[in-house]
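Here is the structure we will look at, set down as structure tokens.
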There are 2 protein chains.
Amino acid sequence: MVYTLMRNAEFNREKVLRSAMTAFMFKGYNKTSMQDLTKATGLHPGSIYCAFENKRGLLLAALEQYKQDRNIEFQNFFANEQPFFTELKNYLDNIVNECISCDSAQACLLIKALNELAEQDDEVQASISESLTNWQTALTEQFEQAKLSGELKTNRPSDHLARFFVMGIYGLRTFAQTHPHADVLHQLADQLYQDLCV
Amino acid sequence: MVYTLMRNAEFNREKVLRSAMTAFMFKGYNKTSMQDLTKATGLHPGSIYCAFENKRGLLLAALEQYKQDRNIEFQNFFANEQPFFTELKNYLDNIVNECISCDSAQACLLIKALNELAEQDDEVQASISESLTNWQTALTEQFEQAKLSGELKTNRPSDHLARFFVMGIYGLRTFAQTHPHADVLHQLADQLYQDLCV
DNA sequence: GAGTATCTTGAATGAACATTCAAGAAAGAG
DNA sequence: CTCTTTCTTGAATGTTCATTCAAGATACTC
């Protein structure tokens with residue numbers, strides 16, 4: 001008797017991870033209890049521990065899923081179907097709107113978790129830093145491409161531009177948490193855009 | 001028999017609040033236990049509850065103390081004893097060095113608590129937002145003064161300059177948590193400075 | 001020095017928490 | 001249909017936490 005094919009877990013891993021993501025974004029990692037997570041994911045404690053080892057493992061898995069989802073979103077914004085400046089502006093506008101919404105589900109899990117856990121957990125810190133660095137690199141490539149195509153004229157190196165842009169977005173997201181008027185956020189984003197693209 | 005003058009609390013309020021500040025900055029509000037706080041402050045639970053109502057009250061008091069301490073620091077940096085550009089550069093350099101140190105005691109409690117608690121606690125959010133707005137206003141005044149004295153030549157309004165500077169610092173502090181090379185932080189701060197003062 | 005109002009102490013309390021585990025359900029193989 | 005493996009379930013566990021409170025210590029008034 002050889003048993004090769006056995007039962008699979010019944011839940012949808014992506015769905016579960018996206019529910020966990022929103023739960024973590026809503027209350028932060030520490031304030032999100034296992035009870036919150038069982039409610040959000042629909043999984044029972046045992047299933048979570050079986051699939052993800054523990055609460056921290058669920059966070060790490062959710063971070064991976066988040067990273068993947070945001071990557072796909074990024075590729076859609078920079079599909080090279082429109083002029084670079086238009087694509088960059090749309091991308092930034094989207095972030096500004098997420099900020100304005102004040103909806104925790106539209107925040108950035110990476111930044112949120114980084115701020116909460118960077119000093120507490122080296123592995124989480126490393127995972128997040130890597131994702132953010134990849135994002136920064138992807139932006140660098142976009143700036144570089146725009147320079148090569150002649151759309152972007154500047155003597156500043158592409159990686160400096162990407163870095164500054166990233167810093168601006170970190171700042172924007174924190175600024176948004178002081179609940180400023182939407183105009184203020186638009187103006188700040190616009191200034192960031194001008195600083196990079198003129 | 002009229003008893004007017006009674007015993008005072010024996011602890012030094014400022015010292016206690018500064019200890020609490022560092023404890024909160026080290027682990028964040030939620031992860032800092034009352035046990036951590038009794039160790040850090042040297043106070044017994046009962047004393048803390050008597051003086052500050054509860055853990056949250058201690059945070060609110062610590063935030064007030066932090067705000068006051070940072071205000072004094074700000075006044076020292078902008079004492080009008082040196083050219084505006086020098087003072088601004090020194091101020092920014094100081095922040096960059098705090099970022100480079102990776103010492104949680106040198107982080108910004110306001111930003112840290114804002115990121116952790118903004119969505120959870122309206123009163124804490126309001127207290128922090130007010131402090132940060134005051135800081136921004138103080139910066140606006142410095143830019144305005146520099147324009148009046150002819151040191152700063154720009155057609156951008158002072159409050160826009162201050163806002164952008166503040167956003168940059170929020171961004172810088174988050175960026176620092178990804179542990180970049182010190183040069184990168186210096187370069188980012190320099191670019192922020194250039195963008196405002198040219 | 002006696003009396004009293006106030007502050008200090010830290011063990012006790014109960015709630016909330018992450019995690020475990022044994023019993024039950026389900027599905028593929030023969 | 002039966003057996004075995006795997007997954008699911010959720011109550012039980014032990015820990016940690018914020019908070020309380022009654023007993024003790026202290027300093028001021030008269």
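Sequence lines set the chain letters: A, B, ... in the order given, protein chains first and strands last, and positions in each chain run from 1.
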Within 45° cone and under 6.0 Å: B/Lys89 NZ/CZ vs B/Tyr193 ring: yes
Non-hydrogen side-chain atoms of A/Val96 and A/Ile100 separated by less than 4.5 Å: yes
Presence of B/Tyr49 side-chain N/O under 4.0 Å of D/dT20 phosphate oxygens OP1/OP2: no
Any A/His44 side-chain N or O less than 4.0 Å from OP1/OP2 of D/dT8: no
d(NZ, B/Lys31; P, D/dA18) in whole Å: 10 Å
Distance in angstrom units between A/Leu58 CG and C/dC17 C1', rounded: 16 Å
Length of the line joining A/Lys55:NZ and C/dC17:P, which is rounded to integer Å: 9 Å
Length of the CZ-C1' vector between A/Phe24 and C/dA18, whole Å: 12 Å
Shortest side-chain distance from A/Ser47, nucleotide among D/dT8, C/dC17, D/dC17: D/dT8
Shortest side-chain distance from A/Pro45, nucleotide among C/dC17, D/dT19, C/dT19: C/dT19
Rounded interatomic separation in angstrom, taking CG from B/Asn54 and P from D/dC17: 17 Å
Integer-rounded Å distance: D/dC7 C1' and A/Ile48 CD1: 15 Å
Spacing between A/Asn30 atom CG and D/dC17 atom C1', to the nearest angstrom: 13 Å
Toward the 5' end of DNA chain C, by each residue's nearest nucleotide, B/Gly42 or A/Glu53: B/Gly42
Separation of atom CZ in A/Arg56 from atom C1' in C/dT19, rounded to whole Å: 15 Å
Closest non-hydrogen atom pair, A/Gln106 against A/Arg70: O-NH2, 4.0 Å
Side chain to side chain, A/Phe164 and B/Asp195, heavy atoms closer than 4.5 Å: yes
